[in-house]
Amino acid sequence: MSKFVCYVTKLVKNPLLGRKQMGFQLIHPEQGSVSKAAIKEKLAQMFKSSEKLIGVFGLQSKFGGGRSSGFACIYDSEEARKKYDQKKILKRDGLWDQGKVPTRKQKKEMKGRMNKVRGTAKAKAAAATGKKKK
């Protein structure tokens, strides 16, 4: 583990969103920057929480190096994090479950099929796979 000191500057409990929000300062004189994983590990130890429940963002290095600041949210449960945390942060941490998304070509084919029909038949045209029956 890399050597750095982390201290929380502002701590706000947000019961409506089921989390603790905080600003933190890092002191890391021997290295250029600190990874988000290492920060999560340190915050998890400090607040006796799981690393899955912590979202770290907004890291900024101070001019001259050796110091950084950032923000973190520690959620009460994984469900609360998936419900309230930003989608890009969930994707980065591997918690965002994106279902099957049609490709660009599939969307265009669907649009073409839907333009050929009117009314309630549009739903059937959108659900069609586009394969011809033999």
Reference residue Asp85; test salt bridge (Lys or Arg N to Asp or Glu O under 4.0 Å); the match among Lys88, Lys83, Lys82, Arg81:
Arg81
Evaluate whether atom CG of Asp97 has more than 12 neighbouring non-hydrogen atoms of other residues, nucleotides or ligands under 6.0 angstrom away.
no
With a cut-off of 6.0 Å (strictly less than), are more than 12 heavy atoms of other residues, nucleotides or ligands near CZ of Phe71?
no
Nearest-0.5 Å distance that lies between atom [atom1] in [X] and atom [atom2] in [Y]:
X     : Y     : atom1 : atom2 : value
Tyr84 : Arg19 : OH    : CZ    : 10.0 Å
Leu43 : Ile74 : CG    : CD1   : 5.5 Å
Glu41 : Cys6  : CD    : SG    : 12.0 Å

What residues, two or more places apart in sequence or in another chain, satisfy side chain to side chain donor-acceptor pair (under 3.5 Å) together with [X]?
X     : answer
Gln25 : none
Asn14 : Gln21
Lys40 : Asp93

Identify whether [X] and [Y] are in the same connected component of the hydrophobic contact network (ILVMFWY, side-chain heavy atoms under 4.5 Å).
X     : Y     : value
Leu90 : Tyr75 : no
Val34 : Met22 : yes
Met46 : Ile39 : yes

With the side chain counted from C-beta on, respond yes when Lys124 and Val117 share a heavy-atom pair under 4.5 Å apart, and no when they do not.
no
Expected output: side-chain Lys42 to main-chain Phe4 donor-acceptor under 3.5 Å:
yes
Backbone N or O of Gly23 within a donor-acceptor pair of the Thr9 side chain at under 3.5 Å?
yes
Considering non-hydrogen atoms only, spot the tightest contact between [X] and [Y] and give its length.
X      : Y      : answer
His28  : Ser68  : NE2-OG, 2.7 Å
Ser33  : Gln31  : O-NE2, 3.0 Å
Arg67  : Ile27  : NH2-CD1, 3.9 Å
Gln106 : Thr103 : OE1-N, 2.8 Å
Ala125 : Arg113 : O-NE, 3.0 Å

Side chains of residues 49-65: which donor-acceptor pairs under 3.5 Å do they make with residues two or more places apart or in other chains?
{"unit_1": "Ser50", "atom_1": "OG", "unit_2": "Lys52", "atom_2": "N", "d": "3.3"}
{"unit_1": "Lys62", "atom_1": "NZ", "unit_2": "Ser69", "atom_2": "OG", "d": "3.1"}

With sequence neighbours left out, what residues match Lys87 under side-chain contact (heavy atoms from CB on, under 4.5 Å)?
Lys91, Trp96
How would you list, by chain and number, every residue that makes a side-chain contact (heavy atoms from CB on, under 4.5 Å) with Ala126, sequence neighbours excluded?
Met110, Met114
